[in-house]
Amino acid sequence: MSREHDKYDKVVELAKRRGFFWPSFEIYGGVAGFYDLGPLGTLLKSNIIRLWREFFITRHMDMVVEIETPVITPEVVFEASGHLHHFTDPIVECTSCRRKFRADQLIEEALNVKVEGRSAEELTRMIRENNVRCPFCGSDLGEVRVFNLLFQTFIGPYTQNKAYLRPEAAQGMFTSFKRVHKVMREKLPLGIAQIGRVARNEISPRQGMVRLREFTIMEVEFFFDPEEPGEPPLSRFGGNLRILTADAKVRGEEGPETYGVEEAVQEGIIKNKWLAYWMAVARDFIKALGVPENHMYFEEKLPHERAHYATQTFDQLVRISRWGWIEVSGHAYRGDYDLQGHMRYSGQDLTVFKKFEKPVTRKVEKVFVNKVVIGKLFKEKSAEVLKLLESVDTDLIKEALSKGESYIEIKGFKVPASAVEVRVIEEKVVGRKFIPHVVEPSFGAERLVLMVLDHAYTEEEERVVLKVPHHIAPIKLAVFPLVAKEPLVSIAKELFSKALAEGIPAIYDDSGSIGRRYARADEVGVPYAVTVDYQTPEDKTVTIRERDTRAQVRVGLSEVVSRIKELVHA
RNA sequence: GCGGCGGUCGUCUAGCCUGGUCUAGGACGCCGGCCUUCCACGCCGGAAAUCCCGGGUUCAAAUCCCGGCCGCCGCACCA
């Protein structure tokens with residue numbers, strides 16, 4: 001790096017200077033972890049989002065739908081999701097060497113007791129009472145502090161009405177799953193997608209646009225039947241995945257291996273075929289943003305690196321300047337963790353019912369009880385006894401009966417054997433209930449903005465050319481008169497208006513030399529520049545110049561706009 | 001959060017050590033004018049700096065001291 005600015009600095013400098021992004025609240029000194037998107041950044045981001053929609057929703061419209069749910073979320077949701085518990089770390093600092101420790105782990109190790117669920121105050125007291133000291137330097141420890149990465153707020157004027165800004169969009173998909181599933185005529189598999197703002201109160205964000213306290217997330221929660229998951233449409237997205245497995249990481253390997261999507265599933269490297277499928281979609285999406293495949297791979301997270309809800313997670317890593325490999329997406333197998341949690345806390349039935357092709361009849365053993373006898377014998381305790389008898393194992397009753405005992409004892413109640421009977425009956429089962437499993441591909445949009453700029457940034461002969469793929473370029477067309485003179489100016493302005501009217505994001509520029517204007521347009525990645533020159537008034541033709549090759553073609557004035565449309569959609 | 005380094009027009013920077021000559025200089029960019037028949041041409045003019053913020057020392061602070069904020073690096077932390 002030294003005095004020579006590295007690429008990252010140049011990208012960030014360009015971003016600020018030309019209006020892609022900059023630190024928020026700059027006039028007040030800025031706040032770490034917050035960035036504004038400027039005019040070009042906003043356009044680029046919305047193009048990235050449009051492309052994501054295309055890959056993850058439009059091209060999967062037979063199974064994925066998009067919804068929108070609130071950022072502000074009542075506390076109970078995060079109790080159910082485990083975020084309140086798992087997003088909170090009790091941390092204690094050594095007063096001398098300033099090293100930080102997880103207070104709970106420290107106490108559990110030192111005192112060999114379980115402290116799960118204890119408050120910070122209790123943990124502090126335990127440290128004081130048992131004289132737990134810094135394991136490194138032996139000095140006193142400070143107060144136990146709680147770090148919760150959820151931003152807290154209140155709903156209405158009631159401070160007891162706690163709420164949090166969501167740290168992921170996912171919970172909105174889980175809490176509305178039942179409704180969406182119904183709306184989608186109870187079909188599985190079902191993907192619910194959402195694009196929206198999320199907030200995480202990072203303890204100390206670094207890395208500029210890479211680690212933000214508030215950002216836009218693009219997620220799909222993909223619900224399927226764990227027993228009959230169906231077949232991913234590999235004809236749409238298949239091929240190979242570059243993967244660094246957890247095993248390989250433990251062995252000390254650093255580079256990924258290549259596996260076919262199906263192969264990875266068959267060999268158990270990816271635990272679920274849908275997880276593998278969405279990774280293939282993610283690979284192509286990132287490629288479409290201009291990242292070559294050798295600058296990207298998937299890394300399996302080790303158990304301690306995974307979120308509390310996941311049983312297997314892969315991060316999609318992309319190489320950018322300065323920060324090296326950064327995570328642009330996460331692919332988590334969440335199982336039924338979330339729906340289970342919400343069932344428990346809401347009391348709602350979030351299971352899915354699936355009819356069998358044919359109803360199944362099966363023989364089951366049921367306990368029949370003579371309620372008259374029970375009633376007379378146990379009076380007001382009868383209800384309790386009946387409930388116990390219902391839940392008790394039929395084998396236990398059969399065993400007692402076969403031994404010829406005169407009564408069966410359950411939790412202190414002596415039930416006469418004559419009042420109980422085990423019968424085998426035929427039961428007709430028309431289907432089964434289950435909790436769907438979920439795989440989740442999840443992307444951070446702002447990181448992708450940075451990633452795209454970093455990959456697009458090139459320098460040619462002292463000038464910057466932002467080689468963003470044409471279909472995500474913020475501005476598609478620049479219109480110039482060769483020199484700022486009539487009739488060239490009028491013709492150019494007319495063409496410019498026509499382009500705007502046709503929905504092509506375009507700029508008009510007539511200041512300075514033509515070379516300077518090409519350079520200005522190149523710097524922000526405008527793929528095509530149309531120049532009105534002295535030949536135009538004569539034969540009604542203009543030149544179209546392509547950004548990366550600087551090649552020019554002459555086309556008729558009347559067909560320019562449709563030509564540009566074709567070119568940028570290619 | 002700890003430690004190190006840094007923060008001056010839009011951008012990059014000179015000045016800071018050795019306080020006054022700084023009404024803060026330059027380059028690029030930007031704006032206006034002239035010029036210009038295809039890749040940052042040239043000429044003229046212009047706008048543009050809370051010298052990161054606050055306090056202190058001093059007759060005098062961009063410059064020295066303290067605190068804070070922000071950034072980078074290292075450590076710690078990281079759903």
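Only this structure's heavy atoms are used, side chains among them; waters, hydrogens and symmetry mates stay out. Naming convention: chains lettered A, B, ... in sequence-line order (proteins, then strands); numbering from 1 in each chain.
If you take atom C1' in B/A61 and the same atom in B/G15, they sit 14 Å apart, rounded to whole Å.
Under a cut-off of 6.0 angstrom, the local environment of CD in A/Glu68 is sparse, with at most 12 non-hydrogen atoms contributed by other residues, nucleotides or ligands.
Rounded to a whole Å, the CD atom of A/Glu13 is 16 Å from the P atom of B/C72. Following rounding to the nearest Å, A/Leu149 (CG) and B/G1 (C1') show an atom-to-atom distance of 14 Å. Going from atom CE of A/Met209 over to atom P of B/C72 covers 13 Å, rounded to whole Å. Taking atom CZ of residue A/Phe25 and atom C1' of nucleotide B/G68, one finds them 19 Å apart after rounding to whole Å. Look at CG on A/Asp9: it is 14 Å from C1' on B/C5, rounded to the nearest Å. If you measure from atom NZ of A/Lys10 to atom C1' of B/C72, you get 18 Å, rounded to the nearest angstrom.
Residues passing the side chain to side chain donor-acceptor pair (under 3.5 Å) test with A/Glu461: none are found, sequence neighbours excluded.
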Q. Taking protein heavy atoms under 4.0 Å as touching, what does nucleotides 28-40 of chain B look like 5' to 3' if B marks base contact, S marks sugar-phosphate-only contact and - marks none?
A. -SS-----BBBBB

Q | Base-contact (B) and sugar-phosphate-only (S) positions in nucleotides 44-51 of chain B, heavy-atom cut-off under 4.0 Å, - elsewhere | A | ------B-

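Listed nucleotides: B/C72, B/G71, B/U11. Nearest to the side chain of A/Lys16: B/U11.
Here A/Glu460 lies out of heavy-atom contact (under 4.0 Å) with every strand. Among the atoms of the strands shown, only primed sugar atoms or phosphate atoms (P, OP1, OP2) are found under 4.0 Å from some heavy atom of A/Trp323.
The base-pairing partner of B/C35, taking Watson-Crick or G-U wobble contacts with both distances under 3.5 Å, does not exist among the strands shown.
Using a 4.0 Å cut-off between charged side-chain N and carboxylate O, A/Lys467 and A/Glu460 make a salt bridge.
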